[in-house]
Amino acid sequence: MTTSRTMSGLRLTTLLLAGATGVPMLAVPAFAAETATVQEVVVTARHREENAQNVPAAVTAISGEQLAASNTVGIGQISQMVPSVQFQTVNARNSQINIRGLGNNVGLANDGLDPGVGFYVDGVYYNRPAAATFDLIDLERVETLSGPQGTLYGKNTTAGAVLVTTASPSFNFGAAGEVSAGNYGYVQAKGSVTGPIIADRLAGRFSFSYTDREGFQTNLFDGKKINDYNNVTARGQMLFTPTDDFKVRVIADYNRQQMHCCSAEISGLWNPPTGVSFPAIAARFGYTPVVGQVDVDAPVKANQESGGVSVEADWDLPGAVLTSITAWRYWNWSPASDLIQSRLDDFKKSQVIDRQNQFTQELRIASTGENTVDYVGGLYFFREKLEAYGTTQYGAAAIPVLVSPLLPALILNGVTQSNNNAYKTDSYAAFGQATWNVSPKVSLTGGLRYTSDTKKGSYNAVVTGGLPLAGPLAAFAAIRAGFAPAGGFVARSKKDAWGGHLNLTYDVNSDIMTYVSYSRGNRSSGLNLNSLPNGASAVIAPETIDAYEAGIKTRLFDRRLTLNAAAFVEKDEDYQALTIDPVLLKAYLSNIPEVTSKGIEVSAQGRPSESVSFYASVTYDEAVYAKFPNSPCTAEQPLPVPATCNLSGAALPGVPKWAASGGFEYHRPVSLGGKEAQFYLGVDDSFRSKLNSTATVSIYGILPSRSLVNARAGLRSEDRSWDVYGWVKNLTDKDYLTSSQALSPGYIIGFPGDPQTWGFTFRVRR
């Protein structure tokens with residue numbers, strides 16, 4: 001009778017999840033009387049190895065095996081498996097990782113701002129979000145942490161962290177390789193080899209990946225495929241263990257992308273309040289806009305490379321481990337684009353070339369074993385230098401398109417604005433956290449962080465070309481200066497900040513844990529390193545977040561099901577965000593007085609039998625501009641356009657109210673020539689409700705809800721030494737946009753999502 005009630009409750013929970021999201025979730029099969037249990041995932045979120053179910057926080061961990069099975073190689077795909085994580089990208093530099101709606105707002109691409117979500121690979125912090133767009137290879141696991149993480153990690157982050165852990169060198173020989181091929185010319189090859197160099201003392205590991213795929217669209221202007229993908233990644237490691245209690249891991253990596261990318265399509269036409277008609281303007285130049293197609297005349301590319309070296313040393317002490325992580329990294333970004341995505345000769349060139357490098361040093365001590373008090377403490381230094389070189393060159397259609405067809409084109413035709421900026425930041429921090437295990441059931445955690453950040457930046461712009469605006473033409477000089485201003489400035493900021501963390505945990509029993517927590521996080525001030533409209537400040541105030549969370553983690557049915565839930569409220573003051581002048585099309589940083597995010601997360605993993613495993617998770621998030629009385633107005637604002645508009649209460653852009661993901665895998669034994677193998681079938685579904693993709697929450701930025709289904713089926717050996725399977729992504733060939741924006745000339749641009757892709761993969765390992 002008790003079992004029947006429990007099973008009914010589980011089915012009810014599943015139905016509630018489905019009804020709440022508006023999408024069908026996976027039905028939970030009746031649990032068979034077998035010994036199958038959910039695979040434990042070991043995480044190091046608190047700098048010690050522990051089961052994710054024992055961490056009193058919203059930690060999502062995805063094993064390398066699960067990532068490989070679903071052909072997941074990048075953060076964009078990982079975000080589809082973790083509903084509370086949003087990843088948006090227009091190009092590599094213009095990428096954002098958000099957790100629970102917070103981090104960086106949509107469209108943000110400014111060199112003078114640190115990201116709100118920390119991205120770490122093998123303990124090394126990467127300060128440029130573009131680094132997350134490279135292929136991730138030879139993975140052991142990926143963890144996502146929600147909320148401020150300053151009392152545990154070196155770099156201060158307000159919204160959370162993504163921790164990528166790659167496989168370490170082994171003293172036992174091992175090798176793995178795989179090849180994939182699919183439609184759109186997709187080819188991928190990956191491999192790794194590891195083994196001893198000096199027995200028990202020195203081991204090595206080398207991993208590589210090559211991916212190539214042609215573009216999904218054709219540029220009508222020149223007939224070439226556009227928005228393709230080409231990625232090369234290599235990683236070499238050495239593990240040195242001179243004694244049993246001391247080890248050194250050295251990692252060097254190189255990553256390169258060369259792409260004919262990234263361009264939007266004209267996804268629609270609209271009627272601006274100014275009465276401008278884009279088809280009429282285009283007709284003056286003998287051009288007819290084609291909706292639903294990419295049609296750009298300016299050079300397009302998105303090339304980047306990144307690499308670095310890190311040295312991690314671990315010294316096992318009695319009851320603790322002392323860790324030092326020293327790292328140097330660089331990132332080079334070499335793009336070109338058509339700024340407003342049109343065939344017209346409005347922009348001949350638009351690009352910002354970045355050359356960045358960073359140095360980090362972390363020294364940390366963490367307790368080991370079971371103690372009355374578990375602790376971690378550390379010191380951290382971060383230095384970043386960046387130089388950027390921007391070029392904007394206007395063409396004959398610039399004035400008709402950007403201002404008015406009634407004005408002479410010579411105001412901007414042939415004008416080139418060249419700018420360069422230099423940026424440097426130094427950050428020092430001390431952090432620590434301790435957990436007092438009051439009793440076998442109760443523990444209390446407290447943490448504290450102090451950060452001192454110093455930032456310096458300079459901006460200088462020179463304007464050349466164009467006919468002199470003298471005599472009667474002098475009246476147009478202000479228009480030219482508005483779009484192509486000359487001059488420069490120097491900006492400095494030095495800020496200190498305190499952060500902290502409190503957590504109370506109560507273990508109901510060995511399978512049920514409850515907790516409540518409070519965290520305060522800070523993001524250092526930012527610098528506007530670009531030409532600014534009147535009234536915009538070069539220095540952006542620091543950001544402060546207060547995060548509250550209550551959660552429960554459970555293991556049920558003899559640990560064949562894990563079911564976790566968390567409720568959260570996050571209040572972010574002086575939120576650092578990108579705003580856009582809708583007339584001058586200038587993007588710049590500013591502070592939004594208050595942003596809030598509150599909601600609920602529920603996740604489950606199950607093994608009803610030896611043959612079936614599944615996962616399901618759902619996030620409800622109300623993320624809003626709580627106070628934003630002085631926002632720039634949208635492009636559709638009726639005339640006369642006020643100096644500012646009030647967006648207080650509006651939903652935060654880029655954040656769906658509902659997001660859910662789920663998947664299952666079924667396998668059964670088969671005989672191949674007398675040898676045992678497995679046939680398997682897997683399906684993954686990712687859903688999100690509608691959202692707005694523009695910083696000003698324009699009605700033309702609304703993206704409808706969408707659901708993406710991926711599937712795979714194949715054969716593999718019992719010991720998984722070989723695996724061959726076919727896969728389909730976007731199984732239903734859903735046509736959708738990843739962003740949409742109305743431009744003042746009278747058309748809407750959108751970046752299409754990936755269409756249906758399919759292919760085959762053959763994988764071997766020993």
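In this chain, numbering begins with 1 at the start of the sequence shown. Just so you know, these numbers use all the heavy atoms, side chains as well, and skip hydrogens, waters and symmetry mates.
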Can you check whether A396's main-chain N or O pairs, donor with acceptor, with N413's side chain at less than 3.5 Å? yes

Close side-chain approach of L743 to I749, heavy-atom, < 4.5 Å: yes

Spell out, as yes or no, whether a donor-acceptor pair under 3.5 Å connects the side chain of Q576 to the backbone of S524. yes

The reported gap from NZ in K494 to OG in S452 (rounded to nearest 0.5 angstrom) is 3.5 Å

How about T425 and D453: does a side-chain donor come under 3.5 Å of a side-chain acceptor? no

Residue pairs meeting salt bridge (Lys or Arg N to Asp or Glu O under 4.0 Å), one or both in residues 473-486, sequence neighbours left out, come to none

Where the side chain of S648 meets the backbone of F628, is there a donor-acceptor pair that is under 3.5 Å apart? yes

Could you list the residues that satisfy disulfide bond (SG atoms under 2.5 Å apart) with C261, not counting sequence neighbours? none

Side-chain H-bond candidate by donor/acceptor type, N421 with N419, under 3.5 Å: no

N530 backbone acceptor or donor facing N528 side chain under 3.5 Å: no

Going by ring-ring contact (aromatic ring centres under 6.0 Å, His included), name the residues that satisfy it together with F87, two or more places apart in sequence or in a different chain. none

Test of understanding: with side chain to side chain contact (heavy atoms under 4.5 Å, CB included), list the residues that count as partners of L448, not counting sequence neighbours. W498

Are any side-chain N or O atoms of Q149 and backbone N or O atoms of G147, one a donor and one an acceptor, separated by less than 3.5 Å? yes

Donor-acceptor side-chain pairing of E636 and S698 below 3.5 angstrom: yes

For residues N127 and Y125, is any side-chain donor paired with an opposing acceptor at under 3.5 Å? yes

Does T544 form a side chain to side chain contact (heavy atoms under 4.5 Å, CB included) with R520? I'd like the steps, not just the answer. CA-CA 7 Å; T544 302; R520 164 160 281 209; 3.7 Å; yes

Between the side chains of R256 and N230, does any donor sit under 3.5 Å from an acceptor? yes

Which pairs pass salt bridge (Lys or Arg N to Asp or Glu O under 4.0 Å) with one or both residues in residues 148-157, sequence neighbours excluded? D114-K155

State whether the number of non-hydrogen atoms from other residues, nucleotides or ligands found under 6.0 Å of R492 atom CZ is greater than 12. no

Side chain to side chain contact (heavy atoms under 4.5 Å, CB included) against V539, all qualifying residues, sequence neighbours excluded: A491, S493, L527, S537

Assign the ring pair Y153 / H47 to parallel, tilted or perpendicular, where the plane angle (0 to 90°) is split at 30° and 60°. tilted

Nearest 0.5 Å, what's the CH2-OG1 distance between W328 and T360? 12.0 Å

side-chain contact (heavy atoms from CB on, under 4.5 Å) with I399: of L406, L410, D346, I411, only one passes, and it is I411

Please verify the inter-ring angle class for Y394 with F483; under 30° counts as parallel, over 60° as perpendicular, anything in between as tilted. perpendicular

Considering residues at least two apart in sequence or located in another chain, which fulfil the side chain to side chain contact (heavy atoms under 4.5 Å, CB included) criterion with T326? S324, F359, Q361

Do you see a donor-acceptor pair shorter than 3.5 Å between the side chains of R235 and T233? no

Applying the side chain to side chain donor-acceptor pair (under 3.5 Å) test to Q304, which of T133, D354, N332, N231 qualifies? T133

Show me the pairs that pass salt bridge (Lys or Arg N to Asp or Glu O under 4.0 Å) and involve residues 297-309, at least two apart or across chains. none

Using distance alone, with no hydrogens and no angle criterion, decide if Q356 and Q358 have a side-chain donor and acceptor under 3.5 Å apart. yes

Does R329 come within less than 4.0 Å of D253, counting only side-chain N to carboxylate O? yes

Polar contact flag, side-chain donor to acceptor under 3.5 angstrom, S334-R355: yes

For R128, all residues meeting salt bridge (charged side-chain N to carboxylate O under 4.0 Å, His left out), sequence neighbours excluded: D111, E384

Could you check whether any side-chain N or O of E543 sits under 3.5 Å from a backbone N or O of T158, counting only pairs where one atom can act as donor and the other as acceptor? no

Charged N to carboxylate O below 4.0 Å: is that the case for K571 and E573? yes

Counting distance only, does the side-chain N/O of T738 pair as donor-acceptor with the main-chain N or O of F751 below 3.5 Å? yes

Residues at least two apart in sequence or cross-chain that pass side chain to side chain contact (heavy atoms under 4.5 Å, CB included) with Q393, listed by chain then number, are K348, K349, T416

Do S597 side-chain atoms and R100 backbone N/O form a donor-acceptor pair below 3.5 Å? yes

Backbone of N91 reached by a side-chain donor or acceptor of S95 within 3.5 Å: yes

Can you name the residues that form a salt bridge (charged side-chain N to carboxylate O under 4.0 Å, His left out) with E312, not counting sequence neighbours? none

For D135, the salt bridge (charged side-chain N to carboxylate O under 4.0 Å, His left out) test, sequence neighbours excluded, returns none

